[in-house]
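Just so it is clear: chains get the letters A, B, ... in the order the sequence lines come, proteins before strands, and each one is counted from 1.
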Amino acid sequence: MPELPEVEVVRRGLARWVSGRTVEEAVVLHPRAVRRHFAGAEDFAALLKGAVMGEAHRRGKYLWLPLTESLSLVGHLGMSGQLLVQPTTAPYETHLRVRVRFADTLGTELRFVDQRTFGGLSVHEVVPGDPEGLPVTLAHIARDPLDDAFDEDAFHAALRRKRTTIKRALLDQSLISGVGNIYADEALWRTRLHYERPTASLTRPRTAELVTHIREVMGDALAAGGTSFDSLYVNVNGESGYFDRSLDAYGREDEPCRRCGTPIRRRAWMNRSSYFCPRCQPAPRTSS
DNA sequence: CAAGGCTCCTGATAGC
DNA sequence: TGCTATCAGGAGCCTT
């Protein structure tokens with residue numbers, strides 16, 4: 001499941017292998033992969049044809065490449081998506097959804113492969129005057145904690161204003177982007193915060209700690225996963241972006257907490273799981 | 001309007 | 001062995 005570090009690796013790969021190339025033809029092999037392109041697959045392909053892929057940008061888990069001054073190509077990997085640059089002669093992947101062929105002689109093409117089709121590609125209007133070609137559909141996505149423009153004071157103020165719990169807030173892409181279930185659990189473990197801690201109870205220093213730990217978790221993953229991108233493959237494999245040795249909480253039910261030895265617990269939460277150390281991350285008093 | 005829950009999808013795995 | 005049930009989860013959309 002790609003989170004921010006994995007998506008950043010993909011962005012670098014796109015910048016290296018795709019930006020600047022002219023599209024010869026886009027072929028949509030599965031309509032669901034372009035379902036966020038509201039005008040349909042044919043329109044999607046027509047807009048791409050002849051377009052020059054611009055610089056690769058990322059905000060949170062979204063990627064985009066400007067095509068013109070007013071249109072950008074948007075990509076989201078969802079849970080199982082991959083963007084691959086493959087030799088045009090390579091056999092089709094089992095879950096190949098979109099092919100983008102280029103009008104050059106490099107002999108490679110861009111492929112969107114996605115088993116569960118939670119991800120997808122689409123073309124959207126650009127926020128007028130935005131220098132990076134930010135698509136309007138991404139305007140509600142908050143800056144991520146690796147972005148220089150991330151505003152920690154504003155994030156803290158938003159947490160204090162909300163009547164919700166901290167893990168929900170971490171997964172709310174309009175407050176902070178790029179954090180998914182895995183890194184949320186990891187950052188909360190590092191900060192010794194229980195996932196049901198009310199956001200309104202966080203002090204400013206506590207928010208600072210949490211943001212620091214999010215950056216550390218992401219930075220570690222990026223350092224580990226970002227080393228091998230300089231190959232033909234734009235993406236690392238959906239699974240291989242994670243490094244088990246670096247996980248302290250997620251997926252470690254009944255295994256000893258690396259700080260205190262108490263068995264890590266798993267709780268059903270929002271149709272998924274939360275992993276935490278019951279000793280290091282005690283439940284807030286207010287929860288019954 | 002804010003908050004919380006539902007839902008899309010397919011393959012791996014567990015359980016019988 | 002082969003079937004069914006369960007789980008994984010990002011984020012848009014719906015309900016309360």
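Within the 4.0 Å cut-off from OP1 or OP2 of B:dA3, at least one side-chain nitrogen or oxygen of A:Lys162 is found. The shortest distance between the side-chain N/O atoms of A:Tyr62 and the OP1/OP2 oxygens of C:dG12 is below 4.0 Å. One finds a side-chain N or O of A:Ser273 lying less than 4.0 angstrom from the OP1 or OP2 phosphate oxygen of C:dA8. Distances shorter than 4.0 Å separate some side-chain N or O of A:Thr164 from OP1 or OP2 on B:dG4. Side-chain N/O atoms of A:His76 include none lying less than 4.0 angstrom from OP1 or OP2 on C:dG12.
Take the nearest nucleotide of DNA chain B for A:Arg35 and for A:Thr94: the residue whose nucleotide is more 5' is A:Arg35. Map A:Arg272 and A:Arg161 each onto its nearest nucleotide of DNA chain B; the residue landing nearer the 5' end is A:Arg161. For the pair A:Gln115 and A:Ile141, nearest-nucleotide mapping onto DNA chain C gives the more 5' position to A:Gln115.
Among the atoms of the strands shown, none is found under 4.0 Å from any heavy atom of A:His30. Note on A:Arg266: only backbone sugar-phosphate atoms sit closer than 4.0 angstrom, heavy atoms only; bases stay farther off. Base contact: A:Asn271 has a heavy atom under 4.0 Å from a base atom. Among the atoms of the strands shown, only primed sugar atoms or phosphate atoms (P, OP1, OP2) are found under 4.0 Å from some heavy atom of A:Arg36.
Spacing between atom CH2 of A:Trp269 and atom C1' of B:dG5 amounts to 12 Å, rounded to whole angstrom units. Rounded to whole angstrom, the span from the CZ atom of A:Phe118 across to the C1' atom of B:dT10 amounts to 9 Å.
One can find a donor-acceptor pair under 3.5 Å joining the base of C:dA8 and the side-chain atoms of A:Arg116.
Crowding of A:Glu25 atom CD: a count of heavy atoms from other residues, nucleotides or ligands under 6.0 Å exceeding 12.
Looking at A:Asp185 and A:Lys167, a side-chain N of the basic residue comes within less than 4.0 Å of a carboxylate O on the acidic one, giving a salt bridge.
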